[in-house]
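This report concerns only the one structure given below.
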Number of protein chains: 2
Amino acid sequence: MSKRLTTTSYAVLAQVAVHPWSTYELAQQRVRYFRYVWPRAESAIYREVTRLSSMGLITGRKEYVGKRARTVYSITDQGLAALRQWLDTPVSPFAMDFEAMIRLFVAPLGTKEQINSTLTQVQNDAQEMLRFGGAVKQEFLEGIAVTQDQVYIRALAVDFFISLLHTVDAWAERTLREIESWDDLTPDGKNERGLEIIRQLPVATPEESVKGPPIPPDTQLRLRRSR
Amino acid sequence: MSKRLTTTSYAVLAQVAVHPWSTYELAQQRVRYFRYVWPRAESAIYREVTRLSSMGLITGRKEYVGKRARTVYSITDQGLAALRQWLDTPVSPFAMDFEAMIRLFVAPLGTKEQINSTLTQVQNDAQEMLRFGGAVKQEFLEGIAVTQDQVYIRALAVDFFISLLHTVDAWAERTLREIESWDDLTPDGKNERGLEIIRQLPVATPEESVKGPPIPPDTQLRLRRSR
DNA sequence: GGACACATGTAACGGGTTACATGATTTC
DNA sequence: GAAATCATGTAACCCGTTACATGTGTCC
């Protein structure tokens, strides 16, 4: 068992910091915590709990619900200190896995139905997540959220979540409409239209912005470094 | 070596489908292809190339640049067929790793400087990626992009990329301003403000939308299934 | 009292990462 | 002709996943 803590470790630690949980609850309640910003399999949570416990960052207390034993974990002072220390290290950048984009690139090899169904799936996923966001919103407004005392922070996170999903949803929508307007998936006659879309994108080309000093080479974008 | 192809395999295959590349070029040029939507380490690309080649989905031809040997890979008919077949399988959903969100949640354990630097980093990353997006835009407008004949498709992808980054950038900006306005990171007196932000989020609460039929239980959001 | 979902895990595989290695070219 | 960088990989660890296991409460 490695000694290094990963972001996943800190995610679990952060969740335990809110209040004590059993491992099962931790794994389940990730939905309301980091499932969407740091998705991991349940078994990964179980392993992290074992690890954090063996390192003394959380402590388990055996409880019984009827005849069934369960271990409820709380954060230790050492665990809190570890979290605080972590806040001084550099963040790993935003990263996404978006398979639909790869499929879009190779879409001309397939059919209109295929790319349509891919984009529809993207939109459905986004709308489903938005529904979850709506549920969270309501919980806070009703004052029954587990982290009700942290609204002032959580509001900022939910804001991000909602904004991002609206962006994905809207993009899927307009892209579906665009493809609908095509007769087929070949490049024939679609060149100028594509350039027009590109031209209208709200972003400056380097040509337009060569007034400023050149970008120093060490400003290179970091790849995700999540270990 | 497992026989199953992963999304990473198909990403490499899709890139080789554009035109032949040496392995090194493939690993480098991911920047212009899937680096941002399917980020993987270079060594993973090398391994995939070996695998795809041994499965006959791509073929390598030895070339020499001066004294240095290199293998240039092209896609085979079998590889094209595999890509086409893949388009009929369900997409794996959008997923993100966004460590900054975890840090935001535990921000009250640390200092204002710490959360500020986290959010600034998020904004810098987004702006750096936007600059890259601008460069891609210019390439297409100048007509010198490698996939110039695919503008009509790529435009849709670049649109997504730009939209998403503007969303991230704007969120980081307004969140930085919000936190700037605080005296400290404690909940004291920030409760009502948080609720106000939540209230204004552009998403329907389930309460508001109970007119429609209940959501069938099998509409559950899938977790990323990228294998 | 059988079925089913809840609660709590363990085992094993493999994909992704980090770290290292090595010759060839270019730079100064 | 030394140093830096390019080009091309290999090795090994470990995180994350999928699949399985097993007892316990609950529903009808």
Side-chain angles (χ1 to χ4, degrees), chain A residues 1-12 21-31 34-35 38-53 60-73 92-93 95-97 99 217-218 220 222-227, chain B residues 1-12 21-30 34-35 38-54 60-73 92-93 95-97 99 217-218 220 222-227:
Chain A
M1 192 142 58
S2 134
K3 274 288 158 188
R4 268 210 65 201
L5 293 181
T6 66
T7 301
T8 305
S9 320
Y10 291 110
V12 172
W21 312 74
S22 77
T23 320
Y24 182 76
E25 286 169 335
L26 268 176
Q28 296 301 305
Q29 284 301 111
R30 290 200 91 242
V31 168
F34 307 122
R35 174 174 173 183
W38 201 258
R40 294 296 180 270
E42 289 189 14
S43 67
I45 311 304
Y46 277 94
R47 186 165 42 196
E48 282 308 330
V49 166
T50 311
R51 215 156 77 99
L52 292 173
S53 173
R61 195 164 39 85
K62 264 233 157 67
E63 277 192 5
Y64 284 87
V65 180
K67 277 186 186 168
R68 183 183 299 161
R70 67 198 213 136
T71 317
V72 175
Y73 290 94
S92 78
M96 56 182 154
D97 280 3
E99 192 189 283
D218 63 321
Q220 279 187 18
R222 296 164 301 149
L223 263 178
R224 127 165 73 182
R225 197 149 303 155
S226 51
R227 291 308 190 67
Chain B
M1 192 142 58
S2 135
K3 275 286 158 188
R4 267 210 64 202
L5 293 181
T6 66
T7 301
T8 304
S9 321
Y10 291 110
V12 171
W21 311 76
S22 78
T23 321
Y24 182 76
E25 285 169 334
L26 268 176
Q28 295 302 304
Q29 284 300 112
R30 292 199 89 243
F34 305 122
R35 175 175 173 181
W38 202 260
R40 293 297 180 269
E42 289 188 15
S43 68
I45 311 304
Y46 277 94
R47 186 166 43 198
E48 282 307 330
V49 166
T50 311
R51 216 156 78 99
L52 292 173
S53 172
S54 85
R61 193 165 40 84
K62 264 233 158 65
E63 278 191 3
Y64 285 87
V65 181
K67 279 186 186 167
R68 183 183 298 159
R70 65 195 213 139
T71 317
V72 175
Y73 290 94
S92 79
M96 59 182 151
D97 279 2
E99 192 189 282
D218 63 323
Q220 277 188 22
R222 297 163 302 149
L223 262 180
R224 128 164 72 182
R225 197 148 304 153
S226 52
R227 290 310 188 66

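Letters go in sequence order (proteins before strands), and every chain restarts at 1. Atoms considered below: every heavy atom in the structure, side chains included; atoms not considered: hydrogens, waters and symmetry mates.
The side chain of B:Thr71 places no N or O atom within less than 4.0 Å of a non-bridging phosphate oxygen (OP1 or OP2) of D:dT8. Applying the 4.0 Å criterion to OP1 and OP2 of C:dT8, one finds that A:Tyr24 has every side-chain N and O outside that range. A close approach under 4.0 Å does not occur between any side-chain nitrogen or oxygen of B:Thr8 and OP1 or OP2 of C:dG15. Between D:dG16 and A:Arg40, a contact under 4.0 Å exists linking OP1 or OP2 to a side-chain N or O.
Residue B:Glu48 contributes atom CD, which lies 15 Å from atom P of D:dG9 at whole-angstrom precision. Nucleotide C:dT8 holds its C1' atom 10 Å from the CD atom of A:Glu42, rounded to whole Å. Between the CD1 atom of A:Ile45 and the P atom of C:dT10 there is a distance of 15 Å, given to the nearest Å. The nearest whole Å value for the distance from the CD atom in A:Gln28 to the C1' atom in C:dC6 is 9 Å. Between the CD atom of A:Gln29 and the C1' atom of C:dA7 there is a distance of 14 Å, given to the nearest Å. The CG atom of B:Leu26 sits 14 Å away from the P atom of D:dA7 (whole-angstrom rounding). Between B:Leu5 atom CG and C:dG14 atom P the separation is 14 Å, expressed in whole Å. Remark: C1' of C:dG23 and OH of B:Tyr64 are 14 Å apart, rounded to the nearest angstrom.
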B:Thr7/A:Glu99 under side-chain hydrogen bond (donor to acceptor under 3.5 Å, both in side chains): CA gap, chis, key distance, verdict: CA-CA 7 Å; B:Thr7 301; A:Glu99 192 189 283; 2.7 Å; yes
Q) Given the rule in the side-chain hydrogen bond (donor to acceptor under 3.5 Å, both in side chains) test, do B:Thr50 and B:Ser53 qualify, once you have shown the distances and angles that lead to the verdict? A) CA-CA 5 Å; B:Thr50 311; B:Ser53 172; over 6 Å; no
Before you tell me yes or no, could you show the steps for B:Arg47 and B:Thr8 under side chain to side chain contact (heavy atoms under 4.5 Å, CB included), namely the whole-Å CA-CA distance, both residues' side-chain angles and the distance that decides it to 0.1 Å?
CA-CA 10 Å; B:Arg47 186 166 43 198; B:Thr8 304; over 6 Å; no
- Item | side chain to side chain contact (heavy atoms under 4.5 Å, CB included) assessment of A:Asp97 paired with B:Trp38 | CA-CA 5 Å; A:Asp97 280 3; B:Trp38 202 260; 3.5 Å; yes
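With D:dG16, C:dG15, C:dT18 as the candidates, the nucleotide lying closest to the side chain of B:Ala41 is C:dT18. Which of C:dT8, C:dT17, D:dT17 sits closest to the side chain of A:Ser22 comes down to C:dT8. The side chain of A:Tyr46 sits closest to C:dT8 out of C:dT8, D:dC15, C:dT17.
A donor-acceptor contact under 3.5 Å is not formed by the side chain of A:Ser43 with the base of C:dT10. Looking at B:Arg4, its side chain has no donor and acceptor atom pair within 3.5 Å of the base of C:dG14.
Salt bridge annotation for A:Glu25-A:Arg70: present, with a cationic side-chain nitrogen under 4.0 angstrom from a carboxylate oxygen.
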